[in-house]
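First up is the structure itself, then whatever we jot down about it.
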Amino acid sequence: MIRSFLVRKMPDGTERRESVGDGTIIGRTDDSGFVIDDSAASRRHAEIKVRGNSFYLCDLGSTNGTQVNGRRMLEADLHDGDLIAIGDTELRFETEEAADDVHPMATFVGTIIDGDSEMTVTSSGDRSEALFQAIYTVTNAIASNYEPCNLIDRILETTVEAIHAQRGALFLQKDGELSPCPVCGAVHAIRDGQLARSDMSEIRVSRTVAQRVLQGGESVLFQDADEGEFAAAESIVSLNLRSIICAPLRAKSGILGILYIDTDRASHAYTEDDMLLSSAVANSAGLAIENAHMHQELLEKQRMEQEIEFAWTIQEGFLVKDWPQDCAEFDVYGETRPAKVVGGDFYDFVRPLPGCVGILIGDVSGKGVPAALSMAQLLAQFRLCAQSCESPAKVLEALNEDLAKRSQRGMFCTLCYILLDLRTGQTLCANAGHHPVLHIQASGVGSFGEATGPPAGILPVAPWVDTDAELAHGDSVLLYTDGVAEARRVFTGSNTDTRSGEPDEYGLEGLYSIAERTRGLGPRELIDAINEDVLAYCAPEPPHDDCTMIAVRYLGSA
């Protein structure tokens with residue numbers, strides 16, 4: 001059996017070699033079997049036909065004529081090495097023997113590039129050198145590209161150009177199925193040199209071939225849908241596909257997806273050399289895409305770290321640092337210990353009236369800079385309201401009105417504010433969806449100030465009311481956020497018996513227990529003891545949320 005080819009030398013020095021058969025049209029139109037971009041060529045310029053084992057060329061009435069070996073011919077027999085000239089385009093006609101028992105069409109070729117990037121070269125002669133040059137050019141073009149979408153476009157452009165493909169697409173995989181680019185949500189594709197980003201439903205490929213590559217990790221070359229093992233595959237038949245290259249995108253983590261190239265042109269058959277190049281590119285592309293995603297994750301991590309640092313700077317700037325010292329009537333202290341992601345916890349201490357102290361604690365929904373900015377605005381508003389309102393509930397109403405007006409995307413805030421009369425020990429408390437106040441007495445530990453309404457920012461008007469309590473000399477009150485009460489631990493061999501039978505969260509039980517064991521300590525020592533107990537409970541991991549507390553110990557009127 002004799003196979004025939006047309007070879008064209010490209011401007012970059014490489015050669016384009018395509019298999020031709022009976023009835024191959026040479027011309028400028030896209031539906032030509034061998035397309036040439038030459039202004040002197042007619043739309044359907046010439047045709048190569050077969051008579052038994054002989055080949056001949058027939059001019060199809062072209063305007064500028066066809067030359068064979070330097071002579072203008074209307075019809076001419078073709079032999080190996082003959083030169084065909086159409087305008088400025090020169091084509092070399094080649095033939096080669098093929099074994100009769102080998103079916104060059106409809107064949108699947110195994111993996112060319114293995115997981116260790118070792119390649120088996122099946123090309124020979126000048127073509128081998130040109131092939132390696134193309135591989136080097138393509139892989140070098142994508143090696144330092146760390147923007148995922150731009151990288152995928154570059155992979156497609158350089159590969160399609162290198163093998164003169166009609167069309168191609170790059171798919172990633174998710175759970176064994178083809179999926180679009182996770183960055184832009186579309187499939188990157190190219191057809192006749194034009195890049196496009198399309199919906200999955202708009203790109204039709206051979207699922208038979210794609211699944212074989214995804215599952216087996218082989219590079220596949222499929223030729224001629226009319227013969228062979230997969231000729232009856234529904235996806236190939238329905239799409240009228242004549243040649244397919246499909247190569248796995250290999251990475252350290254496994255197969256990321258596929259590089260898929262096909263054609264529906266009868267004589268635009270891809271070769272083993274084309275598959276070798278595509279496989280080499282896909283192998284490099286998989287690592288490049290994986291590196292690009294890792295690079296993007298690193299940038300995102302750096303951005304988040306910068307945001308956390310900025311948020312913490314905002315938060316720290318508004319929290320009280322200078323506590324009253326040596327005050328005969330009370331002792332007060334508060335602090336927040338941020339988790340990995342800074343949240344919206346805050347506290348404040350005010351002296352709105354002579355003989356009174358007020359302490360506030362709150363937690364804005366959300367994380368990072370938005371939460372920190374909302375916290376800063378709430379504290380600024382609170383310090384104004386607290387100076388003119390003797391009712392904690394009225395203070396919450398004013399904060400809620402402001403927050404509800406500017407609240408976006410469902411942002412809200414839990415709040416608890418108590419006002420302590422230093423002359424009598426009488427305490428008023430208003431609670432907007434927050435934990436109750438811990439009351440530490442000589443006789444034991446209890447609580448007061450349950451929430452009487454929802455968090456601020458949810459409703460324009462809410463029914464918060466003041467509840468009262470009375471502190472005795474030496475009593476302490478502790479306000480805390482859910483980062484303390486809901487601190488979780490990871491069960492390991494070292495901590496499974498720490499609190500046998502207790503729930504996964506630190507809970508109010510843990511808080512009551514440590515407060516009971518440390519009765520009589522001042523606010524700072526109390527908060528330090530609770531923080532140490534929470535850390536021990538969560539070990540070896542740190543608490544997942546900010547742990548924020550503020551405490552006041554009532555020492556009586558001077």
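For R197, the side chain to side chain contact (heavy atoms under 4.5 Å, CB included) partners at least two apart in sequence or on another chain are C149, D153, C184, A186, H188.
Between the side chain of R250 and the backbone N or O of G217, at least one donor-acceptor pair lies under 3.5 Å. Within the 3.5 Å criterion, the main-chain N or O of F412 finds a donor-acceptor partner in the side chain of S365. Between the side chain of N431 and the backbone N or O of G449 there is at least one donor-acceptor pair closer than 3.5 Å. Within the 3.5 Å criterion, the main-chain N or O of L422 finds a donor-acceptor partner in the side chain of Y554. A donor-acceptor contact shorter than 3.5 Å links the side chain of R519 to the backbone of A442. With hydrogens and angles disregarded, no donor-acceptor distance shorter than 3.5 Å links the side chain of Y506 to the backbone of L535.
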Which pairs of donor and acceptor atoms, one on a side chain in residues 168-181, lie under 3.5 Å apart (sequence neighbours left out)?
unit_1, atom_1, unit_2, atom_2, d
Q173, OE1, G176, N, 3.2
Q173, NE2, I255, O, 2.7
S179, OG, L172, O, 3.2

Which side-chain N or O atoms in residues 432-441 pair as donor and acceptor under 3.5 Å with protein atoms at least two apart or in another chain?
unit_1, atom_1, unit_2, atom_2, d
H434, ND1, T414, OG1, 2.9
H434, NE2, Y480, O, 2.7
H439, NE2, D475, OD2, 3.1

Practice task
Apply the test side chain to side chain donor-acceptor pair (under 3.5 Å) to residues D546 and T336: give CA-CA distance (whole Å), side-chain angles for both, the deciding distance (0.1 Å), then the verdict.
Solution key: CA-CA 7 Å; D546 299 351; T336 182; 4.8 Å; no
Problem - Intermediate values then yes/no, side-chain contact (heavy atoms from CB on, under 4.5 Å), N283 and L287 - result: CA-CA 7 Å; N283 216 48; L287 292 171; 5.7 Å; no
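If you run ring-ring contact (aromatic ring centres under 6.0 Å, His included) between Y417 and each of F346, F382, W464, only F382 comes through.
Side-chain contact between V484 and D545: absent, with no pair of heavy atoms (C-beta onward) separated by less than 4.5 Å.
S447 and Y512 share a donor-acceptor pair across their side chains, judged by distance under 3.5 Å alone.
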